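For reference, the structure discussed in these notes is given below.
Protein chains get the first letters and strands the later ones, always in sequence-line order, with residue 1 at the start of each. Quantities reported herein were computed from a predicted structural model and do not represent experimental measurements.
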Number of protein chains: 4
Amino acid sequence: MTQARAPRADAVRNRKKILTAASEQITAHGPEAGMDEIAAAAGVAVGTLYRHFPTKTDLVAAVVAEYVARVADDAEAALARVADGTASALEELTAFLGRVIEQSATDRAVKAAAQTLGAQPGDHADEERASAAVAGLIRAGQADGDIHADITVNDIYLLFSTAPADQPPAARNRWLALVTPGLTIQARRTAS
Amino acid sequence: MTQARAPRADAVRNRKKILTAASEQITAHGPEAGMDEIAAAAGVAVGTLYRHFPTKTDLVAAVVAEYVARVADDAEAALARVADGTASALEELTAFLGRVIEQSATDRAVKAAAQTLGAQPGDHADEERASAAVAGLIRAGQADGDIHADITVNDIYLLFSTAPADQPPAARNRWLALVTPGLTIQARRTAS
Amino acid sequence: MTQARAPRADAVRNRKKILTAASEQITAHGPEAGMDEIAAAAGVAVGTLYRHFPTKTDLVAAVVAEYVARVADDAEAALARVADGTASALEELTAFLGRVIEQSATDRAVKAAAQTLGAQPGDHADEERASAAVAGLIRAGQADGDIHADITVNDIYLLFSTAPADQPPAARNRWLALVTPGLTIQARRTAS
Amino acid sequence: MTQARAPRADAVRNRKKILTAASEQITAHGPEAGMDEIAAAAGVAVGTLYRHFPTKTDLVAAVVAEYVARVADDAEAALARVADGTASALEELTAFLGRVIEQSATDRAVKAAAQTLGAQPGDHADEERASAAVAGLIRAGQADGDIHADITVNDIYLLFSTAPADQPPAARNRWLALVTPGLTIQARRTAS
DNA sequence: CATGAATGAGCTTTCATTCAT
DNA sequence: CATGAATGAAAGCTCATTCAT
């Protein structure tokens with residue numbers, strides 16, 4: 001296997017600029033942001049953009065991958081706090097859900113883009129980091145007796161894949177309040 | 001008062017064909033289904049399509065309106081069964097949610113289209129019929145002591161606007177199971 | 001030759017309504033006025049419009065023909081006044097030119113339409129009435145010694161076919177002042 | 001200051017081809033010449049055409065601008081000949097008018113297009129060059145005692161904006177003969 | 001004979017992608 | 001390896017004209 005030559009410094013810089021610009025543009029104008037606009041925002045020519053990402057789908061996938069990486073970081077931090085005893089697992093899990101939704105609100109178009117273009121997550125490593133951390137949170141919560149026994153990582157994914165990212169904050173909070181009882185073992189309390 | 005002349009038979013036929021075709025095409029290929037394709041699927045020329053719906057947005061709005069009408073019918077039927085004593089309000093409400101989700105699975109793209117294009121619901125009458133019926137179900141469930149006191153029609157809308165329409169049936173059922181506890185007053189039981 | 005059946009009263013009425021509407025619409029929106037708009041303005045359906053004028057070109061030609069008839073009336077009146085001794089031929093001729101330009105200003109789009117669509121004047125009778133009257137004016141002016149001997153009807157046509165109909169009144173008057181010396185006898189050198 | 005990189009050779013070539021083709025097509029088929037036809041005539045794809053001229057209006061404006069530049073060159077040359085003493089100002093002015101009309105005969109549709117599309121002349125520099133040169137000719141002719149004292153550049157514009165470009169050469173010459181007396185000093189009566 | 005729904009080629013314009021420079 | 005000009009297949013929409021009612 002010919003070891004991939006170490007990428008040139010400027011190529012790395014360009015890749016970063018492109019990803020940043022793509023994220024911004026897609027956030028701002030939705031998935032219909034043009035490749036030319038993204039290239040311009042990144043300060044490169046389209047050709048360069050296409051050298052790094054052979055397809056628009058690939059570019060979006062990369063943007064999504066970055067987003068996944070951030071989510072994984074967040075989940076791991078939450079798990080660490082639980083391990084420290086700083087916070088309860090249930091609290092951390094719902095707070096995590098809240099934060100992810102918050103982010104989706106900003107990056108909503110990214111999600112839309114991902115779905116629209118059928119972008120496949122490219123970075124399985126980060127996905128697995130995220131899954132592992134969330135699984136840890138769930139197990140801890142179950143051990144505490146706070147989280148229902150049959151909840152899985154997929155349930156969490158299912159929930160935040162359906163979060164109302166495009167709604168105003170009030171609606172997003174309300175949604176979280178409606179949805180969390182499904183995770184816990186206790187009955188609903190009067191809402192926030 | 002010049003009573004609007006009765007619409008021509010073939011025009012009515014065409015309108016129906018167009019709506020059907022539009023629903024199918026949008027379901028199949030998403031909101032980016034082309035007007036030409038829809039027209040072809042309806043067996044008419046584009047011009048005809050544009051005579052009936054001056055804008056793509058209008059067409060989508062009409063498709064959505066039909067969908068809303070069906071939902072309203074469904075909700076009213078559910079309310080009627082509760083009034084009969086045939087079924088409990090909570091059961092009917094969750095069953096209703098389930099059915100709406102099921103339908104969205106087929107028409108998922110329609111919903112996406114509506115959002116994408118900013119289509120405004122054209123038929124407020126149907127929308128209000130649906131809201132009234134759902135409100136009735138909620139009140140009945142609250143009277144039974146089954147539904148939490150602060151649940152409103154908007155909560156129901158919020159939930160099914162976020163239903164995972166594009167997921168396989170198993171995921172959709174699971175989602176329903178996760179979400180319903182938020183509506184009820186009781187604690188979660190071990191899931192299905 | 002089967003004598004053309006006398007046209008029905010309502011058909012005549014419709015023809016008139018259509019011509020009026022067409023003139024108005026074309027004046028208002030230029031030659032790109034749509035057939036549907038013209039029909040609507042006339043209070044008939046497109047089909048009716050097409051029964052009277054098989055082609056847009058034909059319709060425009062008819063509108064132009066009406067205009068020609070009005071011009072012919074004007075020219076004949078001018079000639080009559082000269083015959084009466086009420087006014088001098090040169091004065092009447094320039095006044096006539098001025099009036100025609102004035103009208104063109106309103107109906108400018110009609111002229112544009114005529115050219116754009118290559119409409120051929122349909123009503124030779126009126127054209128000849130106009131030509132005869134103008135020729136009379138010219139002859140009278142030449143007899144008076146006011147109008148140059150080589151001026152012909154075609155010269156007059158040539159001039160007002162190039163009148164600046166779309167210019168403000170000041171420009172139109174200036175144009176007339178620039179152009180009239182070419183008609184008179186004084187100082188004209190024999191034309192090239 | 002980032003000096004605009006020198007345009008690529010092929011881009012320049014294409015721009016020229018497009019302008020030529022556009023001029024020809026618009027001349028031949030009027031302003032309704034399709035963008036596709038123009039592109040085909042230029043031997044490029046539509047996209048290229050739109051890269052150079054973002055709008056049909058822009059394209060037409062560019063074509064008109066070229067025409068204005070040619071007129072300005074012509075007027076300046078005429079003025080230069082007068083300054084040399086090679087020719088009289090009046091002769092040069094009428095000859096200039098004649099040449100412009102001749103040209104308009106070819107480019108007539110361009111002028112129509114410009115008006116139809118409300119194209120704004122893009123190159124004021126050329127316009128002013130032309131105006132300055134014509135003003136020079138007028139002043140020289142007035143100094144010679146050949147041109148009437150109240151003639152201005154606007155008069156010249158007014159005349160050739162109404163030149164019968166679409167008429168056969170004989171008519172165009174006749175028109176010029178009819179119109180020139182208005183410019184000269186002999187026999188002109190004080191204007192209206 | 002009027003109606004107006006249907007037709008369909010045509011329009012301008014956009015944009016992901018390729019490739020000469 | 002970057003550049004940005006060129007490509008060309010769509011897209012949504014218009015409108016003169018035809019023809020069933």
Side-chain angles (χ1 to χ4, degrees), chain A residues 7-8 10-11 14 32-40 43-59 117, chain B residues 5 7-15 18 32-40 42-57 59 117, chain C residues 7-8 10-11 14 32-40 43-57 59 117, chain D residues 5-15 18 32-40 42-57 59 117:
Chain A
R8 277 176 24 178
D10 60 335
N14 273 343
E32 49 265 23
M35 294 297 260
D36 282 29
E37 271 79 38
I38 293 173
V44 301
V46 252
T48 306
L49 194 158
Y50 272 92
R51 172 161 296 274
H52 287 279
F53 304 96
T55 274
K56 188 173 190 179
T57 301
D58 293 325
L59 174 57
L117 297 173
Chain B
R5 181 195 292 277
R8 264 167 45 170
D10 59 339
V12 172
R13 231 187 346 262
N14 273 340
R15 189 171 204 278
I18 289 171
E32 49 267 21
M35 293 297 260
D36 283 25
E37 272 78 39
I38 294 174
V44 301
V46 250
T48 304
L49 196 158
Y50 275 94
R51 165 170 283 269
H52 286 278
F53 304 97
T55 276
K56 188 173 189 178
T57 301
L59 174 57
L117 296 172
Chain C
R8 276 176 26 179
D10 62 335
N14 272 343
E32 50 264 24
M35 293 297 261
D36 283 28
E37 272 79 38
I38 293 173
V44 301
V46 252
T48 306
L49 195 159
Y50 273 92
R51 170 163 296 273
H52 286 279
F53 304 97
T55 275
K56 189 173 189 178
T57 301
L59 173 57
L117 297 171
Chain D
R5 180 195 292 276
R8 266 168 43 173
D10 58 339
V12 173
R13 233 186 346 262
N14 273 340
R15 190 171 203 278
I18 289 171
E32 50 266 20
M35 293 299 260
D36 282 24
E37 271 78 37
I38 294 174
V44 301
V46 250
T48 304
L49 196 157
Y50 273 92
R51 166 169 280 269
H52 287 276
F53 305 97
T55 275
K56 188 174 189 178
T57 301
L59 174 58
L117 296 171

Between [N] atom [atom2] and [X] atom [atom1], what is the distance in whole Å?
X: B/L59; N: F/dC13; atom1: CG; atom2: P; value: 10 Å
X: B/H52; N: F/dC13; atom1: NE2; atom2: P; value: 16 Å
X: C/F53; N: F/dT18; atom1: CZ; atom2: P; value: 16 Å
X: B/L49; N: E/dA5; atom1: CG; atom2: P; value: 15 Å

Checklist entry - So how far is it from A/E37 CD to A/E32 CD, rounded to the nearest 0.5 Å? => result 11.0 Å
Item to check | B/I38 CD1 to B/M35 CE distance, which is reported to the nearest 0.5 Å | outcome: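 So the gap between those two atoms works out to 6.0 Å.
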At their closest point, which heavy atom of [X] faces which heavy atom of [Y], and how far apart are they?
X: C/A45; Y: C/A39; result: C-CB, 3.9 Å
X: B/I18; Y: B/A42; result: CA-CB, 3.9 Å
X: A/V44; Y: A/T48; result: CB-CB, 4.0 Å

Item to check | All side chain to side chain contact (heavy atoms under 4.5 Å, CB included) counterparts of D/D10, not counting sequence neighbours | outcome: D/R8, D/R13
Item to check | With sequence neighbours excluded, residues passing side chain to side chain contact (heavy atoms under 4.5 Å, CB included) with D/R15 | outcome: D/L19, D/H52, D/F53
Checklist outcome for this item: In B/S/- notation (B base, S sugar-phosphate only, - none; protein heavy atoms under 4.0 Å), nucleotides 8-15 of chain E written 5' to 3' is BB-SBBB-
Next on the checklist: Judged by each residue's nearest nucleotide on DNA chain E, which is more toward the 5′ side, C/R51 or D/R13?
Outcome noted: C/R51
Next on the checklist: Is there a side chain to side chain contact (heavy atoms under 4.5 Å, CB included) between C/N14 and C/R51? Walk through the geometry before answering.
Outcome noted: CA-CA 10 Å; C/N14 272 343; C/R51 170 163 296 273; over 6 Å; no
Next on the checklist: On DNA chain F, compare the nucleotides closest to A/N14 and D/N14; which residue's is nearer the 5' end?
Outcome noted: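 Checking each residue's closest nucleotide, the 5'-ward one belongs to A/N14.
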Item to check | Bracket notation of DNA chain F in which parentheses pair within the strand, [ ] cross earlier pairs, and | pairs with another strand (Watson-Crick or G-U, under 3.5 Å) | outcome: .||||||||||||||||||||
